[in-house]
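Since we're looking at a predicted model, the values are computed, not measured.
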Amino acid sequence: MPEQQILVLDPTATNPDAEHRALRERGPATLVDILGVRAWSVSDPALLKRLLTSKDVSKDGRAHWPAFAQTVPTWPLALWVAVENMFTAYGANHSRLRRMVAPALSARRTAALQPDIEALVTGILDDLPAGETVDLREHLAYPLPIAVIGKLMGVPADRRTEFRTVVDNVFATHLTAEEQAANTAALYGLLDALIQTKRSEPGEDMTSLLIATRDDEGDGSALSHAELRDTLLLMISAGYETTVNVIDQAITTLLTDPQQLAHIRAGRCTWQDIVEETLRHQPAVKHLPLRYARTDIPLPDGQTIKTGEVILASYAAANRHPDWYKDADRFDATRPSKEHLAFGHGVHFCLGAPLARLEVATALRLFFERFPDAQLATGHEELRRLPSLISNGHTTVPVRLRPTTTS
C-alpha cells in the first residue's frame, strides 16, 4: 500500500477525540510523530491485544530500541522509557520486579481498604461548601488518590503536595526536554529523601517493605537502588494521576448526561458499570510510551513493523474502535460488555486496577448521595483538556453543589 504521511500528534492534546478518529481511519497501525520520535500508533483493539501479549514486543528500550542512547538525552518523555522498574522490563526481569510489588496490591489487601477509602471520601465531602461552585478535580479527584497512595507508600502528609507537582509534570507533554530534566531531578530528590527517611525510620508501608527486601540481600541483587527508586516512582505516579483522571471524567460525564444517573437511580446499572464505561469511553491514559519490535511484525494491511521500530499503544483510540463496539463514541453504562484496554493487557496489566476501581466507585457513590442535584457550572465544550498526549483529564471541573433539600 502507498506510504502515508506521518501524523504528528498534538503535544497539547487540544482535540484528542478528533485525533483518535484520524488514527483509526488510517488503519490498524499508522506511523506517527510523538515529540520527535517516529512510532507505530496501534489503534485496532485486536491487533493491539495481540502485540501486547507477544514475546516479539518488548518494553525494554535499552535492549531492544537501537535509537535509545541517542534519543533519551534530548527527548521530553525520556523518563517514560529510561526508568528501571517493571514498567520498562521484559521477560524474567519483569516477572522478578512485579513479584515484589504484587502482594501490596492483592485483592484481599485492596478490599480491606474499603472502610479507609469511605472515611477519606466522607471527610473530603464534609469540607465541600454546599451551595457554592467548586473545582471537583482539585477538591475531590485529587485529594482522594493522593491520600490513599500516600498512606500505602508511607509518603508523609506534608510532602504529598510536592510529589503531586512533579508527578503532574511527568504526564505533561508540552514541556521542553530541559524542563522535564529539571522536573525529573526534583522528583528523584523527593524519592531519595523518602528512601532515606524510611531506611532510618521504617513503618508498615510499601516503601519500607521494598527497602527491607533490597537491604536483606547482602549483594543488593534483589533490587538495585535505581530499581528501588523507580519502583517507588511507578507506584506513586500510577497510583495517583490515573485515578484522578477517571474520577474527573466520570463526574464530568454524569453531569453532562443525566440519563446515566437515571440508569443508576433506576437500578439499570451500578456504580461499577459507570466506572467501567468511563474507563472505556475516556481512559485515564490516552497513549502509553513505548514498546519495541524484537523482530519484523507483519500487519493485517500488508505493512510491516520492522525490528527495532517503536510501537505506541493508543488505548483511547482502540477503546472506541467501531469494530469493537456499536456506537462506540456514545457513553452507555448499560452496555453488556465491559471489556476495554484502559489498564493495559497481558503481563503489563496494571496491578493497581482493583484499587483504582474501588476509589472511583466509592467517590462517585458518596458524592452523588451527598449532592444528588449537583450541576456542571460550565458547558462541557468549555472544559479545557490537560495539555498531555498521555494523561486524559481536564484542567478544572467546576461544579455547582446542590445538596438534597430537606423539608
Do [X] and [Y] come within less than 4.5 Å of each other through their side chains, counting heavy atoms only?
X	Y	value
L175	N169	yes
V148	L355	yes
P129	V134	yes
E138	P143	no
F163	I236	yes
T161	Y142	no
L51	V42	yes
W80	L288	yes

Exercise. Under the salt bridge (charged side-chain N to carboxylate O under 4.0 Å, His left out) criterion, do R38 and E309 qualify, and how do the steps go?
Worked result: CA-CA 8 Å; R38 193 180 83 156; E309 288 190 325; 2.9 Å; yes
For this session: Please test T378 against E382 for side chain to side chain donor-acceptor pair (under 3.5 Å), starting from the C-alpha separation and ending with a verdict.
Result: CA-CA 7 Å; T378 187; E382 296 173 24; 2.6 Å; yes
Exercise. Residues in salt bridge (charged side-chain N to carboxylate O under 4.0 Å, His left out) with D230, at least two apart?
Worked result: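 Salt bridge (charged side-chain N to carboxylate O under 4.0 Å, His left out) list for D230, sorted by chain: empty.
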Would you say [X]'s side chain and [Y]'s backbone share a donor-acceptor pair under 3.5 angstrom?
X	Y	value
R280	A328	yes
R159	L190	no
T362	E359	no
N319	L279	yes
Q260	F331	yes
S208	G203	yes
K198	T207	no
T30	R26	no
K326	D323	no
Q282	A250	no

Does a side-chain N-to-carboxylate-O contact under 4.0 Å join [X] and [Y]?
X	Y	result
K49	E339	yes
E118	R365	yes
D60	R62	no
K151	D205	no
R370	D126	yes

Exercise. What's the verdict on salt bridge (charged side-chain N to carboxylate O under 4.0 Å, His left out) for E84 and R229, showing C-alpha distance, side-chain angles and the deciding distance?
Worked result: CA-CA 8 Å; E84 297 180 47; R229 189 170 63 173; over 6 Å; no
[atom1] of [X]: more than 12 outside heavy atoms within 6.0 angstrom?
X	atom1	value
Q196	CD	no
R265	CZ	yes
K306	NZ	no

Exercise. Going by the side-chain hydrogen bond (donor to acceptor under 3.5 Å, both in side chains) test, which pairs reach into residues 14-23, not counting sequence neighbours?
Worked result: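 Pairs touching residues 14-23 that pass the test: D10-T14.
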For this session: Begin from the C-alpha positions of H287 and Y315 and carry the test ring pair (Phe, Tyr, Trp, His ring centres under 6.0 Å) through to its verdict.
Result: CA-CA 6 Å; H287 304 279; Y315 292 134; 9.1 Å; no
Exercise. Going through the distances and angles, do R330 and D332 end up as a salt bridge (charged side-chain N to carboxylate O under 4.0 Å, His left out)?
Worked result: CA-CA 6 Å; R330 182 171 60 89; D332 181 5; 3.6 Å; yes
For this session: I would like to know whether T295 and D56 meet side chain to side chain donor-acceptor pair (under 3.5 Å); could you show each step before the answer?
Result: CA-CA 6 Å; T295 186; D56 294 328; 5.6 Å; no
If you look at every heavy atom in [X] and [Y], which pair is closest and at what distance?
X	Y	answer
R385	A13	CB-O, 3.8 Å
L125	L366	CD1-O, 3.4 Å
W324	A318	CE3-O, 3.4 Å
L47	P28	CD2-CB, 3.7 Å

For this session: Describe, in one word, how the ring planes of F368 and W271 are oriented to each other, choosing from parallel (under 30°), tilted (30 to 60°) and perpendicular (over 60°).
Result: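 Aromatic pair F368/W271 classed parallel.
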Would you give the length of the straight line joining atom [atom1] of [X] to atom [atom2] of [Y], rounded to the nearest 0.5 angstrom?
X	Y	atom1	atom2	answer
I264	D273	CD1	CG	7.0 Å
D158	E162	CG	CD	8.0 Å
I247	T243	CD1	OG1	6.5 Å
Y325	R320	OH	CZ	13.0 Å

For this session: Step by step, work out the side chain to side chain donor-acceptor pair (under 3.5 Å) result for S314 and S41.
Result: CA-CA 6 Å; S314 295; S41 166; 2.7 Å; yes
For this session: With side-chain contact (heavy atoms from CB on, under 4.5 Å) as the test, would you mind laying out the steps for V101 and L351 before giving the verdict?
Result: CA-CA 8 Å; V101 175; L351 277 173; 4.1 Å; yes
Exercise. With sequence neighbours left out, what residues match R98 under side-chain hydrogen bond (donor to acceptor under 3.5 Å, both in side chains)?
Worked result: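 In terms of side-chain hydrogen bond (donor to acceptor under 3.5 Å, both in side chains), with neighbours along the sequence ignored, R98 is linked to no residue.
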For this session: Decide yes or no on side-chain contact (heavy atoms from CB on, under 4.5 Å) for I297 and T307, but give the supporting numbers first.
Result: CA-CA 8 Å; I297 301 173; T307 303; over 6 Å; no
For this session: Please step through ring pair (Phe, Tyr, Trp, His ring centres under 6.0 Å) for the pair H281 and H340, ending with a clear verdict.
Result: CA-CA 9 Å; H281 191 257; H340 55 73; over 10 Å; no
For this session: For side chain to side chain donor-acceptor pair (under 3.5 Å), just list the numbers for Q259 and D257, CA-CA rounded to whole Å, side-chain angles, deciding distance to a tenth of an Å, and then say yes or no.
Result: CA-CA 5 Å; Q259 181 62 40; D257 184 356; over 6 Å; no
Problem set entry | Intermediate values then yes/no, side-chain contact (heavy atoms from CB on, under 4.5 Å), N392 and F171 | CA-CA 10 Å; N392 188 21; F171 286 80; over 6 Å; no
For this session: Please find out if less than 6.0 Å separates the ring center of W75 from that of F68.
Result: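 Ring centres of F68 and W75 not closer than 6.0 Å.
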Exercise. Can you list the steps and then say if V399 with Q375 is a side-chain contact (heavy atoms from CB on, under 4.5 Å)?
Worked result: CA-CA 6 Å; V399 173; Q375 296 178 335; 6.0 Å; no
